[in-house]
Undergrad: 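Here's a structure for you.
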2 protein chains.
Amino acid sequence: MPGRNGKGPPWWHGKFRGCGYRLTIPRETIIEVLSKAAKHLSAEEIYLAVHKVYPAIGLTTIYRTLELLVQIGLVFKFDFGDGRARYELAEGPKGIRQHHHLVCTNCGRVIDYTDFIDEAKEFLSQTMKALNKKCNFKITNHLIQFYGLCEKCQK
Amino acid sequence: MPGRNGKGPPWWHGKFRGCGYRLTIPRETIIEVLSKAAKHLSAEEIYLAVHKVYPAIGLTTIYRTLELLVQIGLVFKFDFGDGRARYELAEGPKGIRQHHHLVCTNCGRVIDYTDFIDEAKEFLSQTMKALNKKCNFKITNHLIQFYGLCEKCQK
DNA sequence: ACTGGGAATGAAAACCATTACCATTAGGAG
DNA sequence: CTCCTAATGGTAATGGTTTTCATTCCCAGT
Ligand SMILES: [Mn+2]
Ligand SMILES: [Mn+2]
Ligand SMILES: [Zn+2]
Ligand SMILES: [Zn+2]
């Protein structure tokens with residue numbers, strides 16, 4: 001069930017068509033790379049990974065496609081403070097994988113943290129409602145990051 | 001009580017001396033500018049403001065000083081997605097002003113939001129404790145930002 | 001299946017915030 | 001007041017991202 005159901009098209013094709021965007025090899029490959037990524041990739045890392053299977057790719061297309069994917073909500077863009085943007089698939093076939101990030105200020109390591117999501121959800125939903133009423137601000141997204149020292153860097 | 005008590009030195013001089021840093025006109029002026037800033041300033045905006053009262057200032061010094069101020073915890077550095085870093089005084093003579101940010105994804109406006117801090121504190125303290133134990137991650141700082149549409153951009 | 005038009009691409013150059021370099025200045029301990 | 005060295009500032013370099021523009025190719029309409 002992950003990716004493609006038998007021979008059916010990947011689950012995200014509909015999202016593309018719905019927005020009037022064309023399906024191209026670069027776009028397919030970039031999403032493919034992102035879906036297999038173990039960690040948060042930079043544009044250049046994505047470029048290198050795509051280049052292995054599709055050498056004609058250009059770095060420009062990587063940037064343009066990532067911007068597009070962020071726009072339609074398929075990809076999240078992060079700044080972990082290392083001078084380059086990091087990208088991560090927002091949702092897979094299994095749905096949205098809700099999580100936040102721990103960033104080590106010493107070695108730069110980034111750790112996904114999926115625990116305590118319930119507390120976060122509670123806090124977030126309350127805050128969103130309140131902000132909507134008080135500030136008349138329509139919240140569509142949020143960012144929570146923790147900074148500190150990872151296990152190795154504490155010694 | 002704000003800034004200087006009568007003729008006494010500014011409240012942050014101690015922090016500088018304690019770290020072994022020298023007190024210079026550029027540093028004094030940069031903090032001065034930040035303490036009077038109505039909003040979140042970029043390095044260039046700070047440069048222009050300092051330049052008015054101290055024309056000999058160099059942009060390099062702005063960056064170096066801001067890095068220093070961030071390091072000693074006097075200044076917070078933010079990325080609101082407009083391609084340049086934004087800086088904000090972390091604490092004033094009245095103490096730390098705890099708040100988070102609402103970022104309009106359409107016009108880029110950034111709104112300070114100080115309400116619901118209690119809920120945030122509760123959520124944060126719980127999460128920090130848990131992360132400390134479960135992940136062995138020593139949290140020293142955190143970032144919470146909400147993205148959406150401001151009042152004007154909703155129409 | 002074919003074709004036309006416009007979206008998408010890629011190579012190269014431009015952009016621009018930030019950093020490195022280095023000769024000069026000046027804070028402040030003694 | 002002197003000296004040592006941190007701090008400064010002008011300039012050049014860096015490097016991630018964007019712009020430009022000629023070429024390619026997706027795909028709706030036939
Ligand atoms: Mn993640
Ligand atoms: Mn603020
Ligand atoms: Zn670490
Ligand atoms: Zn707005």
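Nothing here was measured: the structure is a model prediction, and the numbers come from that model. No hydrogens, no waters, no symmetry mates; every other heavy atom, side chains included, goes into these values. Protein chains get the first letters and strands the later ones, always in sequence-line order, with residue 1 at the start of each.
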Undergrad: Within this structure, what is the CG-to-P distance between B:L68 and C:dT19, rounded to whole angstrom?
TA: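 For the pair B:L68 CG and C:dT19 P, the rounded distance is 14 Å.
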Undergrad: Taking side chain as C-beta onward, heavy atoms only, is B:R17 less than 4.5 Å from B:L23?
TA: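 Yes - at least one pair of side-chain heavy atoms lies under 4.5 Å apart.
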Undergrad: Using whole Å, what does the distance between atom C1' of nucleotide D:dT17 and atom NZ of A:K77 come to?
TA: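 Taking atom C1' of D:dT17 as the reference, NZ of A:K77 is at 8 Å.
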Undergrad: State whether the distance check finds a donor on one side and an acceptor on the other, under 3.5 Å, for side chain A:R64 versus base C:dG10.
TA: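 Flag set: donor-acceptor pair detected.
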Undergrad: Side chain of B:R22: nearest nucleotide among C:dG10, C:dC21, C:dA26?
TA: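 Shortest atom-to-atom distance from the side chain points to C:dA26.
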Undergrad: When all nucleic acid strands are considered with a 4.0 Å heavy-atom cut-off, which category describes A:R84: base, sugar-phosphate, or nothing?
TA: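 The answer is sugar-phosphate, as A:R84 gets under 4.0 Å only of primed atoms, P, OP1 or OP2.
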Undergrad: Check whether any side-chain heavy atom of B:L69 lies under 4.5 Å from a side-chain heavy atom of B:F16, and answer yes or no.
TA: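 Answer yes - side chains close enough.
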Undergrad: To the nearest 0.5 Å, what is the distance between CD1 (A:I139) and OG1 (B:T105)?
TA: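 So the CD1 of A:I139 and the OG1 of B:T105 are separated by 11.0 Å.
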Undergrad: Please state how far atom CD1 in A:I25 lies from atom P in C:dT9, giving the value in whole angstrom units.
TA: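 It works out to 10 Å between those atoms.
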Undergrad: So, OP1 or OP2 of C:dT9: does either fall under 4.0 Å of a side-chain N or O from A:T60?
TA: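 The answer is no; no side-chain N or O of A:T60 sits under 4.0 Å from OP1 or OP2.
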Undergrad: Sub-3.5 Å donor-acceptor pair from the side chain of A:R27 to the main-chain atoms of A:T65, do we have one?
TA: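 It does not hold such a pair.
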Undergrad: Tell me whether the side-chain N/O atoms of B:T24 come closer than 4.0 Å to OP1 or OP2 in C:dA26.
TA: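 Looking at the OP1 and OP2 atoms of C:dA26, neither is under 4.0 Å from any side-chain N or O of B:T24.
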Undergrad: Does the ring-ring contact (aromatic ring centres under 6.0 Å, His included) test come out yes or no for A:F146 and A:H101, once each step is laid out?
TA: CA-CA 6 Å; A:F146 290 95; A:H101 293 124; over 10 Å; no
Undergrad: Nearest-Å distance, CD (B:E28) to C1' (D:dT8)?
TA: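 Taking atom C1' of D:dT8 as the reference, CD of B:E28 is at 15 Å.
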Undergrad: From CD1 of B:I46 over to P of C:dA17, roughly how many Å is that when rounded to an integer?
TA: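 It works out to 14 Å between those atoms.
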Undergrad: Can you check the B:F78 CZ to C:dA17 C1' distance for me, whole Å?
TA: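 The distance from CZ of B:F78 to C1' of C:dA17 comes to 19 Å, rounded to the nearest Å.
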Undergrad: I want to check one thing: is the phosphate of C:dT19, taken as OP1 and OP2, less than 4.0 Å away from some side-chain N or O of B:Y63?
TA: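 False: B:Y63 side-chain N/O out of range (4.0 Å or more) of C:dT19 OP1/OP2.
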Undergrad: Heavy atoms only, 4.0 Å cut-off, all strands: where does A:G20 land among base, sugar-phosphate and nothing?
TA: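 Since no nucleic acid heavy atom lies under 4.0 Å of A:G20, the category is nothing.
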Undergrad: Take B:L59 and B:Y21, find for each the nucleotide of DNA chain C with the closest heavy atom, and name the residue whose nucleotide sits nearer the 5' end.
TA: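 The 5'-side residue here is B:L59.
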Undergrad: Tell me what B:Y54 touches on the nucleic acid: a base, only sugar-phosphate, or nothing, going by heavy atoms under 4.0 Å.
TA: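 Counting heavy atoms under 4.0 Å across all strands, the contact made by B:Y54 is with sugar-phosphate only.
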Undergrad: Rounding to an integer number of Å, can you tell me how far A:Y47 OH sits from D:dG15 C1'?
TA: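 It is 16 Å, rounded to the nearest whole Å.
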Undergrad: Looking only at the side chain of B:L23 (C-beta and beyond, no hydrogens), which of the listed nucleotides C:dA17, C:dG28, D:dG9 gets closest?
TA: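 Within the option list, the nearest is C:dG28.
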Undergrad: Rounded off to whole Å, could you give me the CD-to-C1' distance for the A:E67 and C:dA7 pair?
TA: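 Distance, rounded to whole Å: 15 Å.
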Undergrad: So which nucleotide from D:dT8, D:dG16, D:dT17 ends up closest to the side chain of B:T65?
TA: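 Closest nucleotide among those given: D:dT8.
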